[in-house]
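Contents: one structure, followed by commentary.
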2 protein chains.
Amino acid sequence: MKQKLRNHIEKIVPLTDEEFDTVLSHFILHTFKRGEFLFEKEEKVKYVYYVVSGLLKLIFTDRAGSEHIVSFAMEDWWESDFYAFLMKTRATMSLKCIETTTVFSLSYEDYWNLCNSMPKMEKFILHKSHMGFIGAQQRILSLLTTSAKERYEQLIAQNPSLLQRVSKTQLASYLGVSRETLSRLSC
Amino acid sequence: MKQKLRNHIEKIVPLTDEEFDTVLSHFILHTFKRGEFLFEKEEKVKYVYYVVSGLLKLIFTDRAGSEHIVSFAMEDWWESDFYAFLMKTRATMSLKCIETTTVFSLSYEDYWNLCNSMPKMEKFILHKSHMGFIGAQQRILSLLTTSAKERYEQLIAQNPSLLQRVSKTQLASYLGVSRETLSRLSC
């Protein structure tokens with residue numbers, strides 16, 4: 001578990017054993033069962049999560065009660081309702097386990113403590129923030145300019161294991177199409 | 001011009017006169033005429049831009065030649081093809097002036113120089129990156145879950161001046177609807 005987090009951080013910034021111990025002391029290891037929520041809409045979002053193993057979905061439920069999947073988060077991903085986490089407001093989305101999932105949780109206070117006390121971790125967090133931002137800009141582009149069929153093909157090319165791990169209903173919800181439309185795309 | 005940039009940065013981190021002079025020495029002031037491109041698709045993206053005055057559109061042209069507006073950037077906004085800028089690849093989008101626009105340009109090298117040599121500017125850049133990320137996550141949510149009518153109303157509520165500054169065709173392109181659909185929404 002610890003080694004996964006260390007390898008993940010060290011892709012960006014090398015750490016001494018002592019530095020990693022300090023970093024690690026800011027995280028809490030949690031395992032959530034399939035179907036459990038890490039947080040639900042309207043709750044305070046106290047943590048950002050690094051996924052060690054398992055699979056999460058970030059969902060938005062609209063006024064009509066329909067569930068939209070904003071993102072899937074699997075091994076080596078960071079996930080949260082970042083708006084609510086960073087702005088200290090209540091969640092507009094929910095984060096739920098598709099599989100039993102182990103995460104390292106980092107609280108708002110520890111996020112900023114790490115950032116302010118360790119220049120290397122500030123660099124790491126800036127890198128992750130950049131990657132999150134450009135990933136989101138790519139997703140906007142994809143939603144504005146590609147067909148559901150193209151989005152389906154992109155998603156599967158980037159994450160081939162997802163087909164085995166999520167239901168067709170969930171895939172359709174991520175792509176913004178009906179279950180019936182997805183069946184036609186995936187033939 | 002300089003004072004606008006200083007006020008903008010000082011909303012996040014206070015600077016001494018000397019620090020601001022150092023910051024300013026990394027930027028280049030440019031004015032582009034209406035219709036001019038700051039960069040075009042396939043070009044290298046050397047700069048990120050802070051808009052002092054005017055209005056830009058970030059556009060993606062699909063294979064069929066249709067133009068999609070990914071974002072509008074007005075006074076006090078930062079804009080670029082951030083993927084291409086940060087990853088040093090070629091642009092997938094173009095940045096074009098809707099009005100005559102004055103920007104402070106910050107090159108890739110100066111962006112990282114500022115970040116690495118001035119902790120206050122690293123903090124500022126991290127803040128901007130966070131805001132860009134959560135803004136993009138909100139836009140994804142909006143594209144996935146709201147109707148064109150709701151997106152139109154959100155956009156106008158957040159940026160009332162846009163209605164006077166951009167054409168109906170451009171508004172429709174940003175909202176991802178046809179010009180005819182927009183006419184029905186804006187009645």
Side-chain angles (χ1 to χ4, degrees), chain A residues 45 48 58-71 78-87 89 91-93 111-112 115-116 119-147 150-151 173-177, chain B residues 45 48 58-71 78-87 89 91-93 111-112 115-116 119-147 150-151 173-177:
Chain A
V45 179
V48 61
L58 185 67
I59 51 187
F60 178 83
T61 306
D62 65 23
R63 283 191 293 268
S66 298
E67 183 181 289
H68 303 266
I69 297 183
V70 180
S71 57
W78 292 82
E79 196 55 278
S80 192
D81 177 333
F82 287 99
Y83 184 90
F85 175 74
L86 289 167
M87 308 298 277
T89 62
T92 56
M93 298 180 274
Y111 182 88
W112 288 112
C115 214
N116 293 330
K120 283 182 180 181
M121 286 307 290
E122 184 165 33
K123 197 167 295 305
F124 173 77
I125 285 172
L126 177 59
H127 175 84
K128 283 288 141 191
S129 176
H130 276 149
M131 292 302 110
F133 179 36
I134 64 182
Q137 205 178 50
Q138 296 299 303
R139 179 105 196 271
I140 291 168
L141 206 58
S142 162
L143 283 168
L144 279 174
T145 65
T146 60
S147 66
E150 287 169 309
R151 291 205 294 282
S173 168
Y174 176 84
L175 294 166
V177 298
Chain B
V45 179
V48 61
L58 185 66
I59 52 186
F60 179 82
T61 307
D62 66 22
R63 284 191 294 268
S66 299
E67 183 180 289
H68 303 266
I69 297 183
V70 179
S71 57
W78 292 82
E79 195 56 278
S80 192
D81 177 333
F82 287 99
Y83 184 91
F85 175 74
L86 289 167
M87 307 300 275
T89 61
T92 56
M93 298 181 274
Y111 182 90
W112 288 111
C115 214
N116 294 330
K120 282 183 180 180
M121 286 307 289
E122 183 166 33
K123 197 167 295 306
F124 173 77
I125 286 172
L126 177 60
H127 176 84
K128 283 288 140 191
S129 177
H130 276 149
M131 292 301 111
F133 179 36
I134 64 183
Q137 204 178 52
Q138 295 300 301
R139 179 106 195 270
I140 291 168
L141 206 58
S142 162
L143 283 168
L144 279 174
T145 65
T146 59
S147 66
E150 287 169 310
R151 291 205 295 282
S173 167
Y174 176 84
L175 294 166
V177 298

About how many Å separate CG of A:Asp62 and CG of B:Leu144, when rounded to the nearest 0.5 Å?
-> 10.5 Å
What part of A:His130 gets closer than 4.5 Å to chain B, counting heavy atoms only: side chain, backbone, both or neither?
-> both
Tell me, please, which residues at least two apart from A:Thr89 pass side chain to side chain donor-acceptor pair (under 3.5 Å).
-> none
What part of A:Ile125 gets closer than 4.5 Å to chain B, counting heavy atoms only: side chain, backbone, both or neither?
-> both
Comparing B:Val70, B:Leu58, B:Leu126, B:Asn116 against chain A, the one with the most heavy-atom pairs below 4.5 Å turns out to be B:Leu126
Would you mind checking which part of A:Ser66 comes under 4.5 Å of any heavy atom in chain B, side chain (CB onward), backbone (N, CA, C, O), both or neither?
-> neither
Who pairs with B:Ser129 by side chain to side chain donor-acceptor pair (under 3.5 Å), at least two apart in sequence or on another chain?
-> A:Ser129
Proximity breakdown for B:Ser80 and chain A, heavy-atom pairs closer than 4.5 Å = backbone
Using non-hydrogen atoms and a 4.5 Å limit, figure out which bit of A:Phe85 sits close to chain B: side chain, backbone, both or neither.
-> neither
Excluding sequence neighbours, so at least two apart, what forms side chain to side chain donor-acceptor pair (under 3.5 Å) with B:Lys128?
-> none
Taking atom CZ of B:Phe124 as the centre, report whether more than 12 heavy atoms of other residues, nucleotides or ligands fall under 6.0 Å from it.
-> yes
Should we count OH of A:Tyr174 as having more than 12 external heavy atoms under 6.0 Å?
-> yes
Minimum heavy-atom distance between A:Phe60 and B:Thr145, given as atom pair plus value = CD2-CG2, 3.3 Å
Is chain A contacted by the side chain of B:Ser71, its backbone, both, or neither, given a heavy-atom distance below 4.5 Å?
-> neither
Residues in residues 135-143 of chain A that sit under 4.5 Å from chain B, counting heavy atoms only = A:Ala136, A:Gln137, A:Gln138, A:Arg139, A:Ile140, A:Leu141, A:Leu143
